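Notes to accompany the following structure.
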2 protein chains.
Amino acid sequence: MVQIVESRVRDRRREILRAASDVFRVRGFHAAGMRDIARRLGIAVGKLYYWFENKQELLAFCQEDCLTALLQTADRARELDADAPACLWHLVVGHLLCLNEWSPGSLAHLEVESLAEPHRARIQALRDRYEERVRGVVADGVRAGRFRHDIDPKVATLCVLGSANWSVKWFRPGGALPLRRIARAFADQLVRGLVSNPESWSPPTDGPFSVEAPDE
Amino acid sequence: MVQIVESRVRDRRREILRAASDVFRVRGFHAAGMRDIARRLGIAVGKLYYWFENKQELLAFCQEDCLTALLQTADRARELDADAPACLWHLVVGHLLCLNEWSPGSLAHLEVESLAEPHRARIQALRDRYEERVRGVVADGVRAGRFRHDIDPKVATLCVLGSANWSVKWFRPGGALPLRRIARAFADQLVRGLVSNPESWSPPTDGPFSVEAPDE
DNA sequence: GTAGAATCTGAACAATGGTTCAGATTGTGG
DNA sequence: CCACAATCTGAACCATTGTTCAGATTCTAC
């Protein structure tokens, strides 16, 4: 019963999130106002304040939605029981697909400093948790000898996440290159730069994120 | 004579740019207002409008300043007469040093969509020119057999620039890791992911950007 | 059919921030 | 010393945006 109510609340909030995401893409994240979002939904602006306390809560909801999805891709990559290079490869692919195809909140994800307390701490904790997942894969790989011993897992993780995150700035659906090809190429380059046997290593050919999807 | 006047105008405008940069860092790029910038300089807000037509011109000036510096690092890397992997390596290092140490306008550099016409077209042309420089190095390397033949120079360039650009979001002077070490590690990973002989390739040990600077 | 809960409206309010400009101040050349 | 140019001031104006809330509408349970 309570679950049904909560599900309805979440559905309504996610509907607003999707409208917000549309406005983020059209006007830019920082130029997106509450009136624009309400107009996008065809509702009065006051209604937004029935479902969200204020704009900050809406932004936090967007970022949380995206981070939840990213953490889920990390979980699925982990579940593969693959070695660290393959696991990291899937993580990179998953990150790009998540930001550019699955997660409507991804534009908000980039805006690290747009949140103030109290939302900021909670969202930062989620970001840290996700980054720790990625770094854990890299560190495991170094320990197992699958990644070079002279890399710093923290720095390598920052390099990986930077490339993936920045893709939101330039990738456009329907562009010259399909997203999955870009995702594989990024994953190839970033992982190959870390493995201890780059000349014999080859990237995975299957996995959980439909990398051979119908855009080829 | 005219040169002296232009130099004075530029000096004044760069002084304002540095104040703007300070405010960008403290308040975040999008929360930085003209009053804040004027306060930072201890001047009346109207003075800003004596030297800049409006806020957009100031933002464009910041981005142009940063892009000019980036193009200069690309020129210096090119002048080395090194092969493509070494050249790209220096470009990556130069990019990170430029954004995080030399160029006060770097926070503005990230904000691709904050500019409207007519400034946007001019700045976008500079961005394209810089990206073309980087991509040219990658394409040359593929042609010469120094980079893998199966990479797409455009995608590889986007991967490289994404990592480097995103560093502005998290790097802090005085942090746990010195900038040059981070820059070298990024360049190592990104170039090693592209070279055709990653197991025998080793990164440059000297170059134009003081990578062995006194932070070690 | 009705009471009460849930949901919604949209004008008004307050705050913010970009910009203007009449007038003031400073600098410079004759 | 003075005219004129260059530079500067800061209050006021205007537009925008987040938010509120009294009241309206819709929904639901009895």
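Keep in mind the model is a prediction, meaning the values are calculated, not measured.
To the nearest 0.5 angstrom, L110(A) atom CG is 6.5 Å from K169(B) atom NZ. Atom-to-atom distance recorded for L91(A):CG and Y130(A):OH is 5.5 Å, nearest 0.5 angstrom. Rounded to the nearest 0.5 angstrom, N54(B) CG and H119(B) NE2 are separated by 5.5 Å.
Residue E57(A) contributes atom CD, which lies 15 Å from atom P of dG18(D) at whole-angstrom precision. Distance OH (Y50(B)) to C1' (dC8(D)): 9 Å, rounded to an integer number of Å. Protein atom NE2 of H30(A) is 16 Å distant from nucleotide atom C1' of dG18(D), rounded to whole Å. Protein atom CZ of F52(B) is 15 Å distant from nucleotide atom P of dT20(C), rounded to whole Å. K55(A) places its NZ atom 8 Å from the P atom of dT19(D), with the value rounded to the nearest Å. A straight line from CH2 of W51(B) to C1' of dC8(D) spans 10 Å, rounded to a whole angstrom. Atom CZ in R8(B) sits about 16 Å away from atom P in dA5(D), given to the nearest Å. Regarding L58(B), its CG atom lies at a distance of 14 Å from the C1' atom of dT19(C), rounded to whole Å.
Comparing dG18(C), dT9(C), dT20(D) by their nearest atom to the side chain of K47(A) picks out dT9(C). For R12(B), counting side-chain heavy atoms from C-beta on, the closest listed nucleotide (dC8(D), dT7(C), dG10(D)) is dC8(D).
Counting only distance, with no hydrogens or angles, the side chain of R13(A) and the backbone of W51(A) share a donor-acceptor pair below 3.5 Å.
Listed in residue order, the members of residues 31-44 of chain B having a heavy atom less than 4.0 Å from DNA chain D are R35(B), I43(B), A44(B).
One finds a side-chain N or O of Y49(B) lying less than 4.0 angstrom from the OP1 or OP2 phosphate oxygen of dT19(C).
Within 6.0 Å of atom CZ in R129(A), 12 or fewer heavy atoms from other residues, nucleotides or ligands are found, so the atom counts as exposed in its surroundings.
Between L48(A) and L41(A), the closest heavy-atom pair is CD2-CD1, 4.4 Å.
In summary, D36(A) and R39(A) engage in a salt bridge, as defined by a charged side-chain N under 4.0 Å from a carboxylate O.
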